[in-house]
Protein chains: 2
Amino acid sequence: MSVTIRDVAQASGVHVSTVSRTFSAPHLVNAETRTRVLAVAEQLGYRPNRAARSLTTGRTNNIGLIVADLANPFFPPLIKAAQAAARRQDYHLFVADTDENPAEEEDLVLAFSKQVDGIVLCSPRLSNKALEKLAKRVPFVLVNRRIRGLTTVVMDVAQGARAAMEHLAGLGHRRVALVSGPSGSWTSGEIRKAVLETPDLETVVIGPNSPTEEGGLAVAAQVAEAGVTGVLAYNDLVAIGLIEGLGALGVGVPGDISVIGFDDSITGRLYRPKLTTVAMPAGDAGRMAVDLLVQSMSAATVLETHLVVRESTAPPKGVP
Amino acid sequence: MSVTIRDVAQASGVHVSTVSRTFSAPHLVNAETRTRVLAVAEQLGYRPNRAARSLTTGRTNNIGLIVADLANPFFPPLIKAAQAAARRQDYHLFVADTDENPAEEEDLVLAFSKQVDGIVLCSPRLSNKALEKLAKRVPFVLVNRRIRGLTTVVMDVAQGARAAMEHLAGLGHRRVALVSGPSGSWTSGEIRKAVLETPDLETVVIGPNSPTEEGGLAVAAQVAEAGVTGVLAYNDLVAIGLIEGLGALGVGVPGDISVIGFDDSITGRLYRPKLTTVAMPAGDAGRMAVDLLVQSMSAATVLETHLVVRESTAPPKGVP
DNA sequence: TTGAAAGCGCTAACAG
DNA sequence: CTGTTAGCGCTTTCAA
């Protein structure tokens, strides 16, 4: 095998415990000794074995990150920020993908549990009860799901949805549709509530839908026939799929119908028409979740969202 | 702490080694005993501690995956497939991001080395020499980088680039530009070579460039003034940035200039005009890399690429 | 400030 | 088929 603490001890003429201390409690060791040990370690290419360390300390310095779908453009910025935050604090990040499958989600949490100090669970599809039970086995923080008593980081989608509705109302729209997300999604529920409470706007809810381009595409005809002039979609992908589908039906965006997305993903930002969308602070959420775990703090954090107006919204036909 | 093999042994009235065998060599244990142990384990919520296991076996059942930029849409499909492949074989996947920084890349490899059975290094920016040296410390497979003697999975970008050039030539273009990628990029070099060898086409190389939308945007003016009617961009993001920049200059795509991307990313597929692009089998590469690592096989694999013709290419002006 | 010794949870010979 | 034993690489009392 490779070079161990013992090799370093031997080569530098001290006991293994001194070498150990040099790395995990440097202040407890004589400066000269430390320098020497460090030099030898460097020269031998010694790296502490974290598995062995974790066996004695009970800590792994690993964090697990579980998302619904790695290929959904919403997640990569979150993962990127989480990884950077972890790395800054000398943690490593496991990443896994549930494919929107609650059973897989539970399996993954359990599989990770012995190997991590905590888990970041993004947009979990598991029931509250299941989540509460799991929380007893391993610390975790929930992203975009709020459960009393658990540590959470949520983005204020209700506020974002309200802003979107107000934008539509301000443009002169009166009857709009919400193309909602998957049924297990907490954010979709929050958005729904916020939308239905909006005054001055008659809202029809279409869904649940898959949170993908296909999801949007599939309801295009339904939207076209709903007699609405504006739409709030569950996310940018759904919005784009919808716009594509509408286009195929000869319905223009924003000419005939205005469409607003959610996420402010790179895909939506570059799409034409450039998507009006609710920006989600995914990077902030990833970073905060990791920080909360590392500091093992419990908290219920709410992150602001905001509307980004671009080119997929306009006044309804007939309104100047 | 949590429930260990000892608790299970005690509760089921057998020795720890029997419990151990029940999990790691089930065929060596009496069916009845096994059933009983499994039942007790299940009931106690026992999960083997992989860190402890790895200490004795020398294997971790972990794999590290290092990419240049998690937020680049090229990588998520690769990561997703790699994770799925790992999970299928009971491996966990560490993911990290180097931000295109070679020093960070090396650090990450070293940091992972003791905690994984192998590393998948995607589009590394490190020198051949540095990579060869690292390969002595931990097994890895290189994706999109070819070095003799190391295990590699590369996508045949040269072939893809040739197909793109032939498509352009077939459309009637005679003078084109290659908007290349970062200088350390192996794929960019391969593409460059292939492009310059293409007959019947006069090619000007513009770059190196950052592999992002900004990279493309930044050279739009240069492209507009290069007297070319076609462009092959390093990736979809660069292509899109370029098209945006060209648009701002009043140059239409594909009306005035045809643009081809690379990757066939979701962002390019949804963009308007829908991007003509060279499809890269990123998922296959991720899966194969993990499989090679798990089977600890060495090989030099080449994956096919293919041109997807969509709407960002057309005959040059004046050619019907 | 350093050394000695025990032990983290598990596996792998080796006996029986 | 099952129990015994030693030990993986490291940290952590406890003494010196």
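No hydrogens, no waters, no symmetry mates; every other heavy atom, side chains included, goes into these values. Each chain gets a letter, A, B and so on, in the order its sequence line appears, and its residues count up from 1.
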Self-check item: Length of the line joining Asn61(A):CG and dG9(D):C1', which is rounded to integer Å
Solution: 16 Å
Self-check item: Asp7(B) CG to dC8(C) C1', straight-line distance once rounded to whole Å
Solution: 13 Å
Quiz prompt | Interatomic distance, Arg53(A) CZ vs dT12(D) C1' [rounded to whole Å] | solution = 13 Å
Quiz item: Taking CZ from Arg6(A) and C1' from dC10(D), how many angstroms apart are they, rounded to a whole number?
Solution: 9 Å
Quiz item: Which pairs count as salt bridge (charged side-chain N to carboxylate O under 4.0 Å, His left out) when at least one residue sits in residues 2-16 of chain B, sequence neighbours excluded?
Solution: none
Exercise. Taking only heavy atoms on the protein side, list every residue of residues 8-15 of chain A lying under 4.0 Å from any atom of DNA chain D, sorted numerically.
Key: none
Quiz item: Does any residue of residues 20-40 of chain B have a heavy atom under 4.0 Å from DNA chain C, and if so, which ones, in number order?
Solution: Ser20(B), Arg21(B), Ser24(B)
Quiz item: Bend across the helix from dT1(C)-dA16(D) to dG16(C)-dC1(D), to 10°, with axes taken over 5 pairs at each end?
Solution: 30°
Practice problem: Quickly work out the Arg59(B) CZ to dT11(C) P distance and round it to whole Å. | Solution: 12 Å
Exercise. Any salt bridge (charged side-chain N to carboxylate O under 4.0 Å, His left out) involving residues 125-139 of chain B? Give me the pairs, sequence neighbours left out, ordered by first then second residue.
Key: Glu100(B)-Arg125(B)
Exercise. Identify, with sequence neighbours excluded, every residue that meets side chain to side chain donor-acceptor pair (under 3.5 Å) alongside Ser185(A).
Key: Thr187(A), Tyr234(A)
Quiz item: If you look only at pairs with a residue in residues 95-125 of chain A, which of them pass as a ring-ring contact (aromatic ring centres under 6.0 Å, His included), with sequence neighbours excluded?
Solution: Phe94(A)-Phe112(A), Phe112(A)-His92(B)
Sequence neighbours left out, cut at 3.5 Å: what donor-acceptor pairs do the side chains of residues 62-83 of chain B make with other protein atoms?
from	atom 1	to	atom 2	distance (Å)
Asn62(B)	ND2	Gln115(A)	OE1	3.1
Asp69(B)	OD1	Lys80(A)	NZ	2.7
Asp69(B)	OD1	Ala71(B)	N	3.0
Asn72(B)	OD1	Phe74(B)	N	2.9
Lys80(B)	NZ	Asp69(A)	OD1	2.7
Lys80(B)	NZ	Asp97(A)	OD1	3.3
Lys80(B)	NZ	Asp97(A)	OD2	3.1
Lys80(B)	NZ	Asp99(A)	OD1	2.9

Quiz item: Any side-chain donor-acceptor pair under 3.5 Å between Gln89(B) and Asp291(B)?
Solution: yes
Exercise. Hey, which sits more toward the 5' end of DNA chain C by its nearest nucleotide, Leu55(A) or Thr57(B)?
Key: Leu55(A)
Practice problem: Return the nearest nucleotide to the side chain of Asn49(B); candidates are dC10(C), dT2(D), dC10(D). | Solution: dC10(C)
Quiz prompt | Partner set under salt bridge (charged side-chain N to carboxylate O under 4.0 Å, His left out) for Asp284(B), not counting sequence neighbours | solution = Arg287(B)
Quiz: residues 39-47 of chain B side-chain donor-acceptor pairs under 3.5 angstrom, not counting sequence neighbours:
none

Exercise. Go through the side-chain N and O atoms of Asp117(A) and Thr60(A) and say whether any donor and acceptor fall under 3.5 Å apart.
Key: yes
Practice problem: Take atom CD of Gln115(A) and atom P of dC8(C), then tell me their distance rounded to the nearest Å. | Solution: 20 Å
Quiz item: What salt bridge (charged side-chain N to carboxylate O under 4.0 Å, His left out) pairs are there with at least one residue in residues 48-63 of chain B, not counting sequence neighbours?
Solution: Arg50(B)-Asp90(B)
Exercise. Check salt bridge (charged side-chain N to carboxylate O under 4.0 Å, His left out) between Glu106(B) and all other residues, then give those that pass, not counting sequence neighbours.
Key: none
